[in-house]
Amino acid sequence: MALSLANPCQRRLTFVPNAQIPARRPSFLAAAAGPLPVLGIETSCDDTGAAVVTSDGKILGEALRSQAELLRQYGGVMPLAARLNHEQAIDEVVAQALENAKVKESDLAAVAVTIGPGLSLCLDVGVRKARSISRCWRLPFVGVHHMEAHALVARLTNADIQFPFLVLLVSGGHNLLLIAKDVGDYVELGTTLDDAVGEAYDKTARLLGLDICKGGGPALEELALEGDADAFKFTVPMRSHKDCNFSYAGLKTQVKLTIESLNINGAVPLASASSSDRQSRANVAASFQVVAVRHLEDRCRRALEWARELEPCMKRMVIAGGVASNKYLRSRLGAVAKEHQLDLFFPPPRLCTDNGVMVAWTGVEYLRLGLYDPPPPVDEPEDYWVDLRPRWKLGEICRETSSGRPVKKNTEDFPSLTSQISQKKSALNAS
Ligand code: KG4
Ligand code: ZN
C-alpha cells in the first residue's frame with residue numbers, strides 16, 4: 001500500500017536523516033544490486049500522470065487523470081482551471097501509481113518530473129509534489145524536458161533504438177524535427193512557425209462539432225474514416241520553402257472558411273447532425289487530415305536529406321507525441337521511412353499522449369549517465385521558488401544557409417536543454 005502523503009516530511013525525518021547522494025554519480029544505478037524504481041510525474045498541460053519504472057525498463061505501475069470534462073466545458077485548456085484540477089488530483093494519482101506498482105515511497109530510488117516546456121501554473125503542481133517526495137526521502141531529483149520524454153519513451157518500448165536517430169515530435173503544442181545524438185543532445189532541424197499539428201486537429205474538431213473530451217485528434221480521425229479525402233482540395237503548406245519548418249495556421253484558416261461556406265454549425269453536435277450534414281463534416285475531416293499529414297511527410301523527406309548530411313549513418317527514425325497515435329499518420333510515414341530504408345519506431349499509442357511513464361523513463365536515462373540533482377534542502381519552505389521552464393528549447397538549432405547546406409546556429413538567447421546538458425557532462429567528466 002502507498003503511504004499517506006498528508007505530511008511526508010515529518011514522517012521521514014523522524015527515522016532517516018538526510019541520506020547522502022552518492023559522490024560518484026555515474027555509478028548510482030550501475031552499483032545497485034538489482035533494478036531500482038524511479039517515480040515520474042507529469043503535469044505540464046491537462047493530464048496529471050504518475051508512474052513507477054525500474055532502471056531496467058519495466059513499468060511497475062502507473063496512473064493518469066485527464067481533464068476531459070474541462071476540455072468539453074471550455075473547448076480548450078484554461079490554465080487556472082487546469083492547475084486547480086492538477087492540485088485536486090496530484091496526491092491521489094501519485095498514490096495510485098505507487099499502489100499499482102506495489103512500491104512505497106520509501107522504496108523509491110529517485111524522482112523525475114517535467115519542469116518544462118508547458119503551462120507554468122500546471123508544471124508548478126507536479127514539480128512541488130516531486131520536490132516534496134525527493135526532499136523527504138532524500139532522493140535524487142531529475143528535472144525532465146517534456147518533449148525529450150516523448151522521444152525517449154520509444155527507447156523504453158524498443159531496445160533497438162540506439163543513437164543517433166531522426167525524431168519527429170507531433171503534439172498539441174509542438175512540432176519538432178530533430179536529430180537525437182544522445183540523451184540531452186539534439187540538433188533541431190525544424191519547428192512550427194505558428195500552430196502545431198495537434199492544435200490544428202483540435203481546432204478543426206471543434207469547428208466540426210465533435211466531442212473533444214478525449215482530444216480533438218482521436219474524434220477527427222474517427223470521423224475522417226467516413227469521409228471522402230478528395231472532396232476539398234486544401235493547399236499543402238510550405239511546399240516552396242526548402243527547410244524543415246512547419247506551418248498549420250494557413251490550413252486552419254482554409255478549413256474554417258470551407259466549414260463556413262458549407263454552413264456547418266459546430267454548436268450542433270455531430271450526433272444531432274442530419275446524414276448529409278454528417279457526410280459534409282466527414283469530408284472536411286478526411287480532406288483536412290490528408291493535407292495535415294502530407295505536410296509532415298514533406299518535411300520528413302527534407303529532414304532526412306539534412307540528417308544524412310549531418311549524420312551519414314542514420315538508420316532509424318522515431319515518431320512520438322500525441323498525434324503519433326494516429327493510424328493514418330502511422331501508415332503514411334511508414335511509407336516515407338520505407339522509401340528511405342529507415343527503421344521506423346512509434347511508441348505504443350497509450351504512451352504517445354502525455355503520461356507519467358515517459359517522465360520516469362527519461363529519469364532513468366539521466367540517472368544512468370549520472371545527471372541528476374541532489375534532493376532539495378530539508379528545510380526548504382513550501383512556498384520556495386521552483387525552477388520551471390515554460391518555454392524551453394530542446395535542441396541546438398540547425399538551419400539551411402544560402403548555399404543550401406544545413407549548419408548549426410545558436411540564434412536563441414536562452415540556453416537549450418542540449419547546451420545545458422553539454423555543460424553538465426563536461427563538469428562531470430572533469431570531476
Ligand atoms: O503529446 P500530447 O498528449 O500533449 C501535448 O504535449 O500537447 O498531445 C496531445 C495532442 C492533442 O492535440 C490531440 O488532439 C492529439 O495530440 N492527438 C491526436 C490523436 N490522439 C491525440 N491527433 C490526431 N490523431 C489522434 N489519434
Ligand atoms: Zn506532450
Side-chain angles (χ1 to χ4, degrees), residues 40-49 51 64-68 70-72 75-77 79 82 86 113-119 122-123 126 144-154 167-176 191-192 195-208 210-225 246 248 251-252 255 285-286 288-296 318-333 346-359 361-362 390-392 394:
I41 298 179
E42 160 61 38
T43 61
S44 67
C45 189
D46 57 345
D47 291 299
T48 317
L64 187 68
R65 189 163 309 166
S66 64
Q67 302 183 356
L70 281 184
L71 272 182
R72 192 182 270 146
V77 182
H86 284 303
V113 61
T114 304
I115 61 170
L119 299 167
C122 298
L123 290 164
V144 168
H145 191 295
H146 180 80
M147 298 313 291
E148 182 175 36
H150 272 305
L152 292 184
V153 77
V167 55
L168 169 67
L169 297 177
V170 277
S171 72
H174 296 87
N175 258 55
L176 284 169
T191 184
T192 185
D195 302 325
V197 60
E199 204 175 333
Y201 265 92
D202 292 341
K203 181 79 193 297
T204 305
R206 276 200 296 277
L207 292 172
L208 291 175
L210 308 190
D211 183 356
I212 60 166
C213 74
K214 287 194 219 117
L220 190 141
E221 179 180 17
E222 201 181 323
L223 181 64
L225 295 173
F246 303 86
Y248 279 96
L251 177 59
K252 253 174 45 178
V255 168
F288 159 82
Q289 176 161 261
V290 162
V291 173
V293 172
R294 192 152 299 154
H295 185 30
L296 300 177
V318 167
I319 305 184
V323 188
S325 50
N326 183 288
K327 291 193 190 69
Y328 178 72
L329 176 153
R330 285 179 176 236
S331 94
R332 294 296 302 188
L333 288 162
F346 293 96
R350 75 179 183 85
L351 296 181
C352 283
T353 43
D354 292 352
N355 62 82
V357 173
M358 67 186 198
V359 181
W361 173 250
T362 303
R391 293 170 58 79
W392 188 15
L394 181 51

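All values reported here derive from a predicted model rather than from experimental measurement. Counting from 1, the numbers follow the sequence of the chain as shown. Start at 1 and go down the list; that is how both ligands and their atoms are numbered.
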Residue-ligand contact His174/ligand 1, heavy atom below 4.0 Å: no
Side chain, backbone, both or neither: Lys327 near ligand 1, heavy atoms under 4.0 Å: neither
Would you check the N or O atoms of Glu199, main chain and side chain alike, for any that come under 3.5 Å of an N or O of ligand 1? no
Atom 26 (N) of ligand 1: nearest protein contact (heavy atom, Å): Glu221 OE1, 2.8 Å
With a 4.0 Å cut-off on heavy atoms, is Met147 in contact with ligand 1? no
Of all protein heavy atoms, the one nearest atom 18 (C) of ligand 1 is Gly217 CA, 3.5 Å
Nearest non-hydrogen partners of Val170 and Ala324, listed with the distance: CG2-N, 3.8 Å
Nearest protein heavy atom with distance in Å, relative to atom 15 (C) of ligand 1: Val323 CG2, 3.8 Å
Distance-only N or O hit between ligand 1 and Asp47, under 3.5 Å: no
To the nearest 0.5 Å, how far apart are CG in Leu296 and CD1 in Ile319? 8.0 Å
Minimum heavy-atom separation for Pro347 and Cys352, please, with both atom names. O-SG, 3.5 Å
Using a 3.5 Å cut-off on N or O atoms only, is Asp354 in polar contact with ligand 1? yes
Nearest 0.5 Å, what's the OG1-CD1 distance between Thr114 and Ile41? 9.5 Å
With atoms numbered from 1 as shown, which atoms in ligand 1 lie under 4.0 angstrom from a non-hydrogen atom of Ser171? 1 (O), 5 (C), 6 (O), 7 (O), 8 (O)
Which atom of Asp202 lies closest to which atom of Gly215, heavy atoms considered: OD1-C, 4.2 Å
Closest protein heavy atom to atom 12 (O) of ligand 1, given as residue, atom name and distance to 0.1 Å: Asp202 OD2, 2.8 Å
To the nearest 0.5 Å, tell me how far Leu333 CG sits from Phe346 CZ. 6.0 Å
Please report, to 10°, the angle around the Zn ion (ligand 2) from atom NE2 (His146) across to atom OD1 (Asp354). 100°
Indicate yes or no: does an N/O atom of Gly322 lie under 3.5 Å from an N/O atom of ligand 1? yes
Is His150 close enough that one of its N/O/S atoms sits under 2.8 Å from the Zn ion (ligand 2)? yes
State whether the shortest distance between N or O atoms of His150 and N or O atoms of ligand 1 falls below 3.5 angstrom. yes
Which distance, rounded to the nearest 0.5 Å, do you find between the OG1 of Thr362 and the CE of Met147? 11.5 Å
Looking only at protein heavy atoms, what sits closest to atom 6 (O) of ligand 1 is His146 NE2, 3.1 Å
Would you please test His145 and Trp392 for side chain to side chain contact (heavy atoms under 4.5 Å, CB included) and show each step? CA-CA 8 Å; His145 191 295; Trp392 188 15; 3.5 Å; yes
Atom 24 (N) of ligand 1: which of Asn326, Val77, Thr204 has the nearest heavy atom? Asn326
What protein heavy atom sits nearest atom 20 (N) of ligand 1, and how far off is it? Ser325 OG, 3.2 Å
Over all heavy atoms of both residues, which pair between Pro390 and Leu123 is shortest? Give the atoms and the distance, please. CA-CD1, 4.1 Å
Taking all non-hydrogen atoms of both residues into account, name the closest pair between His150 and Thr353 and its distance. CE1-C, 4.2 Å
Are His86 and Thr43 close enough, and set up right, to give a side chain to side chain donor-acceptor pair (under 3.5 Å), and what steps lead you there? CA-CA 7 Å; His86 284 303; Thr43 61; 5.0 Å; no
Numbered atoms and elements of ligand 1 in range of Gly173, under 4.0 angstrom, heavy atoms: 7 (O)
Close-contact set for ligand 1 against Gly198 heavy atoms, below 4.0 Å: 12 (O)
Where Val293 and Arg332 come nearest, the two heavy atoms and their spacing: CG1-CB, 3.8 Å
Between CZ on residue Phe246 and NE2 on residue His295, distance to nearest 0.5 Å: 6.5 Å
Checking heavy-atom distances from atom 7 (O) of ligand 1 to each of Gly216, Gly172, Ser66, the winner is Gly172
